[in-house]
Number of protein chains: 2
Amino acid sequence: MAAKGGGAQGKRPRRQAGSVPSMQQGSERALSIERIVATAVELLDAEGVDGLTMRRLADRLGAGAMSLYWHVDNKEEVFDLALDSVLEYRGPQGGETADWRGAIFHMLEDWRAGMLRHPWSASLLPRRALGPNILSRLELLGRILYGAGVAEADLNGAIWSLWNYVIGATITRANFDLSDADMAAAQQRLAHLSEKYPTIERARLLLDNDWDGAFRKGLDFLLDGLVPK
Amino acid sequence: MAAKGGGAQGKRPRRQAGSVPSMQQGSERALSIERIVATAVELLDAEGVDGLTMRRLADRLGAGAMSLYWHVDNKEEVFDLALDSVLEYRGPQGGETADWRGAIFHMLEDWRAGMLRHPWSASLLPRRALGPNILSRLELLGRILYGAGVAEADLNGAIWSLWNYVIGATITRANFDLSDADMAAAQQRLAHLSEKYPTIERARLLLDNDWDGAFRKGLDFLLDGLVPK
DNA sequence: ACCTGAACACCGTTCAAGT
DNA sequence: ACCTGAACACCGTTCAAGT
């Protein structure tokens, strides 16, 4: 329900990173956090948020339904881990680039693209824990903005403004993606109500929008305001 | 799951608007869409999204669990109706004000405030149907922007940019609201990781932010860009 | 250390039935 | 026209038990 704190700090002893599985070739069969998380992502991609069920996840892993609970505290933790696993950033980490604007665009567009590849992720992000990969992105953002001349007192405001924009844009876009047909139907229904909604009906608000272009344009405007020349 | 289209167009005959209840004083007891929606909002306010259950809702209404299904197709419709009921705008509807900036600020801040009063609503909005109250707000927004000089070709982009910003800001804020304690704990944990996240640790990103101020500032920047001088 | 089945207290929704 | 209980096919999670 509520947003929760940092990384995965287990209460129970978990599998050591370096330990060799007892079966020599059977690393496919043994349960592990890594396999659980990867399979959860597959399941979420295929079936959406409501499709992720502890029972179905276990099934897909060829395990008994309750086996998951040795590796994981509860379903929420599965969500947290799946989410963060999808948000890793392998990009230039430099905070001292001359091209701060390019660096911000690169990271934020990569972020958005990653979430659109996993359409369940954007809606989940603001409600869930801030995992290490998200924190790294925020840290990078802060570093770039600071390097670009944003005053320390304005840093949090600037970071959150960009976060808000990216989150909002991506959640909206992801849900439109999921339901092109629905939006077309809605626009059609709008036509019958054109006395009530003439402006958005005429603009065909629910159809054919250039989401990527609009995203970049809004981001430009925001950065113009947030970063002093 | 997917965003769906316009208003509540029932397939089944619903209670007529003007019909008089057969019990003279007993309008409290009879089930009706209005009572169902109002009670659903109460329940959501009290227990959150996961707290809304068809069975519990019926209980609160003093009805049998299955009685709801005569008035409503399914749980999703309850969500749609509850959501839209919370988003009504009683404000200046004029699209030809001289003070377009003030009109936009008023509507958007009212929108945000309404959603913060019902913290479950913001996360729900982008995933659910576009009810009549939301469409009215979008229509008003379009009318004001057009009146302020936004070209017809840029109208959709401008509307969605503002939508994205409001949605993102409110969802984030609502979830921080729900979990002050969690965020404080997270910030404390960040302190232990200050080698990994020095910038946001020092800025105390997870603490004490001026959300209202940041919202207005970002909105100003966006409008500066979206509306030609 | 790792996995399991049975069991509990829930869900949303269908259906056939009541008034 | 409006409401109902029984029943179905699911949930997440606890617990005591297996290897």
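Throughout, a chain's letter reflects where its sequence line sits, starting with A, and its residues are numbered from 1. Everything quoted here is computed from the prediction, not taken from an experiment.
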Expressed as a whole number of angstroms, how long is the span from [X]:[atom1] to [N]:[atom2]?
X: Asp50(B); N: dC11(D); atom1: CG; atom2: C1'; result: 13 Å
X: Lys75(B); N: dT14(C); atom1: NZ; atom2: C1'; result: 17 Å
X: Met54(A); N: dA9(C); atom1: CE; atom2: C1'; result: 17 Å
X: Ile33(A); N: dC2(C); atom1: CD1; atom2: C1'; result: 13 Å
X: Tyr69(B); N: dC11(C); atom1: OH; atom2: P; result: 12 Å
X: Arg35(A); N: dC2(C); atom1: CZ; atom2: P; result: 14 Å
X: Asn74(B); N: dC11(C); atom1: CG; atom2: C1'; result: 15 Å

Worksheet entry | dC11(C) phosphate, OP1 or OP2, under 4.0 Å from Arg56(B) side-chain N/O | yes
Worksheet item: Do any side-chain nitrogens or oxygens of His71(B) fall under 4.0 Å of OP1 or OP2 in dA1(D)?
Response: no
Nearest to side-chain heavy atoms of [X], which nucleotide of [options]:
X: Leu31(B); options: dC3(D), dC3(C), dT13(D); answer: dC3(D)
X: Trp70(A); options: dC2(D), dC3(C), dG12(D); answer: dC3(C)
X: Arg55(B); options: dG12(D), dC2(D), dA7(D); answer: dA7(D)
X: Met66(B); options: dG5(C), dG5(D), dC11(D); answer: dG5(D)

Discussion item. Looking only at the aromatic ring of each residue, does the gap between the centers of Tyr165(A) and Trp160(A) stay below 6.0 angstrom?
Written reply: no
Item to complete: Using heavy atoms to find the nearest nucleotide of DNA chain C for Leu68(A) and Ala65(B) separately, return the residue whose nucleotide is more 5′.
Response: Leu68(A)
Worksheet item: Which heavy atom in Leu206(A) sits nearest to a heavy atom in Leu130(B), and how many Å separate them?
Response: CD1-CD1, 4.0 Å
Worksheet item: If you measure only the distance, is there a donor-acceptor pair under 3.5 Å linking the side chains of Thr199(A) and Glu139(B)?
Response: yes
Item to complete: Please determine if Arg112(A) forms a cation-pi arrangement with Phe215(A), meaning its NZ or CZ atom is less than 6.0 Å from the six-membered ring centre and no more than 45° off the ring axis.
Response: yes
